[in-house]
Amino acid sequence: FPPFSSLSNPPHPPLFQLELSPPPMTSPVLPCRFSSDPFLLFFRPFSSDSGPSNVVLLQDGDQVTAALKKAKDVKLPAIFYFTATWCGPCRAIAPVIEQLGQEFPHVTTYKIDIDQEGLGSILSNLHIYSVPTFHFFHDGQKATEVVGADVQRLKNTMENLYKCVQLILVYTRGCLRKSFVACCKRPYLASRFGSVQNHKEAMNAAALVQLPTVINGGFQRVPLPRNTLPTPVPFFESHGTKPSLVRCQSTSMEKPKTSKRNLLDNASNLLTNFLSGGRLGDMPTAEGAVSDLFGRPLFFSLYDWFLEDMLHLLEIFDDLMHRQLVSQDVIVFYNAAEFIIQHGSVYKLAFGPKAFVVVSDPVVARHILRETALSYDKGVLAEILEPIMGKGLIPADIDTWKQRRKVITPGFHSLFLEAMVKVFTDCSERSILKFGKLLERQNSETKEIELDLEAEFSSLALDIIGLGVFNYDFGSVTKESPVIKAVYGTLFEAEHRSTFYIPYWNLPFARWIVPRQRKFHSDLKVINDCLDGLIKNAKETRQEADVEKLQQRDYSSLKDISLLRFLVDMRGVDVDDHQLRDDLMTMLIAGHETTAAVLTWSVFLLAQNPSKMRKAQLEVDSVLGEKKITLECLKKLEYIRLIIVEALRLYPQPPLLIRRALKADKLPGGYMGCDDGYAIPAGADIFISVFNLHRSPYFWDRPNEFEPERFLTPKPSEGITGWAGYDPGRSPGAMYPNEITSDFAFIPFGGGPRKCVGDQFALLESTIALALLLQKFDVLLRGSPDDVELVTGATIHTKNGLWCKLKKRT
Ligand code: HEM
């Protein structure tokens, strides 16, 4: 593109400059060249008939002739792949072909077994002397060929020939280019970047290269000479409305956004700017409307505002690829300046009378959670939770938190967790037994039961947290009790408060006048009485010891292995009953819904991916057999562990972390943000959107896909300043990926000093429960995944339960 005087990249070789002369044959007929590319080693073994749908097996000479004709006449991109069943290199390269087929869905690969009868003359006409041989067709002609299993050459040829879209980006600030590279990982988005300064320059450039053009998402027809033009892409001509923005594994999260601002929105924004918005300086501001916040979870809107335009662009390309419309170049100009102004790593959300700072970047999250952790408290969250959790760790002020954190953390030592494995197993088996009994009672032919697994996981998690934290068996998997009802009532109220914007419960007399507040206080009393009884009991049987001694106890001989026992027995910590009760209540609430939610979403995702479920079941069969689960087994259940963390990536619990600045601070700009960072005043309220971080296309490939295997492979930072990339080796010995391995791009348990104390407890518990479920049952969703609507408060859960069909595995 000569007119782009300001191209910042060294020029790429021209897109269609191909090596047209075939490489020399190394042997006359059959022995083939074989690349020792280690890429080959990672793929599944050869399977001749299966594979992606764009691989077509041609079974006789007529079919080959017809396909050749079609490739020439219809001008669709196609590869003719000559192979033989006895050829070792062909077998070795088969997975690469499959992989390339998936990466270039618009290219058809015709596979021809040269030993089929009646091919003789065709093969000699085409000069096929050895296998594998690949003929590449483009624009109705044979463009080039590759002879031999030369992986690198195959990949290069595919990329050079079939990458279809050239992307030219209008950018005004250097950092944005990188974001596009990170985002446009798909092979069909050729990353040829340049900068043009304005719309006119973009149009001139487009006219010069004579291609259909998209400027800022809208189609522009450039004045091209007749007949020599590629047809404009119909999608752009017809598209007036944006496609839905957030695509996920399948949920009803794709509700359209409210597009028009109403009176309330305008009033709210005015108020925001008047009251607090101004104090947040020139931070990018989301153009959201208050009405966007109603009727769907807040974190979806935060995600849209974060990525709206980027997603829009990707949606366009996906759609084009899907419809095989891009068999030609399209130029895209994208106005980066617009993007920067409205969205990004740190932006301000005008929200009623308040402004919140929304953070979607690991470097900024790391700054708040780890580097300056004690300059922030829990702000709005503490206001909501304090009436329930008192001075428990989550809402506690910094001084109380420092004291209690020091005491509680040692409670989760390794021998305790090891002892918990038995509790997790026993409780999970109780659920499995219950499902088995329900199945036995089932008379129907199908021999399957329908269950709301979310409710079942909730009972299971309640039983486990009761036993683990204060040695109380709720027994909720099999029965109901006033205490259980009170716990659920309290959780329900905590949820209600976290989604209700006006804290009416703080009004004088509300606890006596408002019926739900009356119920809440009576539920709280039931739980408090129960906890007080347990604390009294534990104190009466106290056996004081130093922390180190307590951590080396022989758990197999103890009747009560709970955390309460540990806290009460600890020498030199004479804590009052009230504080202990707050601690227990906090852990009861923090550890119950969260774990139930992880199991719920793990099953939801697996049920939509039967091959992954099967893989998990095979792993469980091979590791466990008929054995009881031990910590050693858990180390071997790698795939199950990855499923749990991948579910936490896609459905983080909670989806937002909340903070309030105790003093003025300067946040780093984050990726694509302002290099100078953003000053925030004392009192600024912050949402760290874990959901945005976990699904950010800058830090994850295919961010919305369920791919547990992703955590096995390092991901370099690709030049993102300040972010170290993902590296599983960074936390040696860790059983699960975490904020260290991901440098704060994966923070399901937060990070820094206020990181979850129960993370290992929860992960081991979930791994065991999921493994035991999959060991015995096949699980299917009862209806469509889209029927499983999401709602959210503190955690993301379903609106009407996760209804599944369970069948005994044979
Ligand atoms: C999968 C299950 C769980 C998830 C996803 C989860 C997530 C989190 C997150 C994200 C935080 C940090 C909140 C923040 O920084 O604002 C947190 C804190 C906390 N979690 Fe968990 N948690 C889980 C299970 C548990 C369990 C089982 C327990 C207790 C047995 C627990 C106890 C706590 C406590 C006490 C805190 C406050 C820590 C502090 O401020 O020092 N959590 N949890």
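Read the numbers this way: they start at 1 and go in the same order the structure lists the ligands and their atoms.
For Y651 and S602, the side-chain atoms include no donor-acceptor pair closer than 3.5 Å. A side-chain donor from one of Y376 and D665 sits under 3.5 Å from a side-chain acceptor of the other.
The main-chain N or O of C633 is found under 3.5 Å from a side-chain atom of T630 such that the two form a donor-acceptor pair. D743 contributes a side-chain N or O that, together with a main-chain N or O of A724, makes up a donor-acceptor pair within less than 3.5 Å. Here the side chain of N609 pairs a donor or acceptor atom with the backbone of L605 at under 3.5 angstrom. Proximity of a side-chain donor or acceptor of R366 to a complementary backbone N or O of E739 within less than 3.5 Å is not detected.
Contacts between E765 and ligand 1, counted as non-hydrogen atom pairs separated by less than 4.0 Å, are absent for every part of the residue. Of all the heavy atoms of P654, the ones lying under 4.0 Å from any atom of ligand 1 belong exclusively to the side chain. Only side-chain heavy atoms of F412 come within less than 4.0 Å of ligand 1; its backbone N, CA, C and O stay farther off. Contact annotation for I747 and ligand 1: no heavy atom of the residue comes within less than 4.0 Å of the ligand.
Looking from atom 15 (O) of ligand 1 to the surrounding protein, the closest heavy atom is R659 NH2, 2.8 Å. In terms of protein heavy-atom proximity, atom 29 (C) of ligand 1 is nearest to M587 CG, 3.9 Å. What sits closest to atom 40 (O) of ligand 1 on the protein, heavy atoms only, is R754 NE, 3.2 Å. The protein non-hydrogen atom at the shortest distance from atom 23 (C) of ligand 1 is T594 OG1, 3.5 Å. Protein heavy atom nearest atom 5 (C) of ligand 1, with residue, atom name and distance: Q653 O, 3.1 Å. In this structure, atom 6 (C) of ligand 1 lies nearest to the protein heavy atom F749 CD2, 3.6 Å.
Residue contact check: V757 has heavy atoms under 4.0 Å from atoms 32 (C), 33 (C), 34 (C), 35 (C) of ligand 1. Under a 4.0 Å criterion applied to the non-hydrogen atoms of G750, ligand 1 contributes the atoms 10 (C). Close approach to F761 involves these atoms of ligand 1, each under 4.0 Å from a residue heavy atom: 27 (C). Which parts of ligand 1 touch W401 is read off a 4.0 Å heavy-atom cut-off, strictly below it: atoms 39 (C), 40 (O), 41 (O). Atom numbering of ligand 1 starts at 1 in the shown order; those under 4.0 Å from a heavy atom of L657 are 10 (C), 13 (C), 14 (C), 16 (O). Near V598, the atoms of ligand 1 lying under 4.0 angstrom from a non-hydrogen atom of the residue are 1 (C).
The aromatic ring centroids of F520 and F492 lie 6.0 Å or more from each other. Between F699 and H694, the ring centre distance reaches or exceeds 6.0 Å.
Contact between I398 and R754 at its shortest, heavy atoms only, is CD1-NH1, 4.3 Å.
Looking at A762, A597, A590 and measuring to atom 32 (C) of ligand 1, the nearest heavy atom belongs to A590. Nearest-heavy-atom check against atom 36 (C) of ligand 1 across L393, I394, L369, D759 picks out I394. For the residues C756, A596, P748, the heavy atom positioned nearest atom 10 (C) of ligand 1 is part of P748. Summarising the contacts of atom 26 (C) of ligand 1 with G392, P753, G591, G411, the nearest heavy atom is found in G591.
Both tests pass for R649 against the ring of W700: distance under 6.0 Å to the centre and angle within 45° of the axis.
For ligand 1, the polar-atom distance check against R405 finds a nitrogen or oxygen pair separated by under 3.5 Å. At a 3.5 angstrom cut-off on N or O pairs, K755 does not count as close to ligand 1.
Note: F474 and Y472 have perpendicular aromatic rings, judged against thresholds of 30 and 60 degrees for the angle between ring planes. Relative ring orientation between H413 and F416 is described as tilted, the plane-to-plane angle lying within the 30° to 60° band.
Between L381 and ligand 1 there is no heavy-atom distance shorter than 4.0 Å.
Within 6.0 Å of the CZ atom in F435, the count of heavy atoms belonging to other residues, nucleotides or ligands exceeds 12.
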Test log, rule side chain to side chain contact (heavy atoms under 4.5 Å, CB included), inputs Q579 and D583: CA-CA 6 Å; Q579 179 63 53; D583 292 337; 3.0 Å; yes
